[in-house]
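Presented below is the structure to which this report refers.
Below, each value reflects all heavy atoms present in this structure, side chains not excepted, and no hydrogens, waters or symmetry copies. In what follows, chains are A, B, ... by sequence order, proteins preceding strands, each numbered from 1.
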Amino acid sequence: MPRPARKRLPRELERRLLRVPKSARRDAAFRKAIHQIPRGKVATYGQVAAAAGYPLYHRHVARLLRNEPPGRLPWHRVVGAGGEIKLRYDAGIEQRMRLEMEGVRFRGKRIDMEAHQHRFRPWEFEEF
DNA sequence: CAAGTGACCCGCT
DNA sequence: CAGCGGGCCACTT
């Protein structure tokens, strides 16, 4: 008896489910969320994580941004809770300047979140 | 394998 | 407002 032909999953599905590590899926979701933040708006690490479907993963968003090669993501639009810049030294200055260039206004050390909070649309992140 | 660490966050002093 | 502790999870030591 010939071996019954084994059904093969569609390539794309297989790649997503089997080949791609979980962390890569997460990071992709994080990047996607960060790309959604428009000029002049900001979101916190925690909000990005939650919008990407991974609440509690705020630290991972930070780690991604730290490792990500510069130039691809609008990294400066991701801030700490309450609109606080978490980067230190020069990096912190740069982030603030980039935001101010986009019209983001600060009250003291913090961003005026009332005015610049980005609201994610949940349905855009229902994965696959 | 345990302990420490981080572009975090929240609650409580 | 500052500092501390606990929580979180992956990575490093």
Roughly how many Å is it from [atom1] in [X] to [atom2] in [N], rounded to a whole number?
X: A/Arg88; N: B/dT5; atom1: CZ; atom2: C1'; value: 12 Å
X: A/Ile111; N: B/dA7; atom1: CD1; atom2: C1'; value: 13 Å
X: A/Arg98; N: B/dA7; atom1: CZ; atom2: C1'; value: 14 Å
X: A/His60; N: C/dG7; atom1: NE2; atom2: C1'; value: 12 Å
X: A/Tyr57; N: C/dG7; atom1: OH; atom2: P; value: 17 Å
X: A/Arg63; N: B/dG6; atom1: CZ; atom2: C1'; value: 10 Å
X: A/Asn67; N: C/dA10; atom1: CG; atom2: C1'; value: 11 Å
X: A/Leu65; N: B/dG6; atom1: CG; atom2: P; value: 17 Å

Sequence neighbours left out, cut at 3.5 Å: what donor-acceptor pairs do the side chains of residues 90-98 of chain A make with other protein atoms?
{"from": "A/Glu94", "atom 1": "OE2", "to": "A/Arg98", "atom 2": "NE", "distance (Å)": "2.9"}
{"from": "A/Glu94", "atom 1": "OE2", "to": "A/Arg98", "atom 2": "NH2", "distance (Å)": "3.3"}
{"from": "A/Gln95", "atom 1": "NE2", "to": "A/His76", "atom 2": "O", "distance (Å)": "2.9"}
{"from": "A/Gln95", "atom 1": "NE2", "to": "A/Val78", "atom 2": "O", "distance (Å)": "2.9"}
{"from": "A/Arg96", "atom 1": "NE", "to": "A/Glu100", "atom 2": "OE2", "distance (Å)": "3.1"}
{"from": "A/Arg96", "atom 1": "NH1", "to": "A/Gly108", "atom 2": "O", "distance (Å)": "3.2"}

Task: Test side chain to side chain contact (heavy atoms under 4.5 Å, CB included) applied to A/Arg39 - qualifying residues, sequence neighbours left out - done: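 Expected list: A/Arg77, A/Glu102.
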Side-chain donor-acceptor distances from residues 51-67 of chain A under 3.5 Å, at least two apart:
{"from": "A/His60", "atom 1": "ND1", "to": "A/Arg63", "atom 2": "NH2", "distance (Å)": "3.4"}
{"from": "A/Asn67", "atom 1": "ND2", "to": "A/Arg63", "atom 2": "O", "distance (Å)": "3.3"}

Task: Hydrophobic cluster of A/Tyr89, others only, ordered by chain and residue number, side-chain cut-off 4.5 Å - done: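 Same cluster as A/Tyr89: nobody, lone residue.
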Open item on the list: Show the nearest heavy-atom pair for residues A/Ala43 and A/Val48, with the distance to one decimal.
Closed with: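 Closest heavy-atom pair between A/Ala43 and A/Val48: CB-CG2, 4.1 Å.
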Polar atom pairs between nucleotides 9-12 of chain B and protein, under 3.5 Å, N or O only, would you list them?
{"from": "B/dC9", "atom 1": "OP1", "to": "A/Tyr45", "atom 2": "N", "distance (Å)": "3.4"}
{"from": "B/dC9", "atom 1": "OP1", "to": "A/Gly46", "atom 2": "N", "distance (Å)": "3.4"}
{"from": "B/dC9", "atom 1": "OP2", "to": "A/Ala81", "atom 2": "N", "distance (Å)": "2.9"}

Open item on the list: Taking the side chain as everything from C-beta on, heavy atoms only, tell me whether A/Ile111 gets closer than 4.5 Å to A/Gln117.
Closed with: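 They are not in contact (no side-chain heavy atoms under 4.5 Å apart), so the answer is no.
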Task: Beyond-backbone contact of A/Leu73 with A/His35, side-chain heavy atoms, under 4.5 angstrom - done: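 A side-chain contact under 4.5 Å exists here.
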TODO: Give one of base, sugar-phosphate or nothing for A/Arg110, where a contact means two heavy atoms less than 4.0 Å apart.
DONE: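 Touches nothing.
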Task: Donor-acceptor under 3.5 Å (A/Lys32 side chain, A/Asp27 main chain) - done: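 Checked: no pair found.
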TODO: Please assess A/Arg31 against A/Arg72 for the test side chain to side chain contact (heavy atoms under 4.5 Å, CB included), listing each intermediate value before the final yes or no.
DONE: CA-CA 9 Å; A/Arg31 292 197 192 93; A/Arg72 279 201 230 289; over 6 Å; no
Task: No-H, no-angle donor-acceptor pair, A/Arg59 side chain to B/dG6 base, under 3.5 Å - done: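 In this structure, the two groups form a donor-acceptor pair.
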Under 3.5 Å between N/O atoms: give me all the protein pairs with nucleotides 2-6 of chain C, atom names plus distance.
none

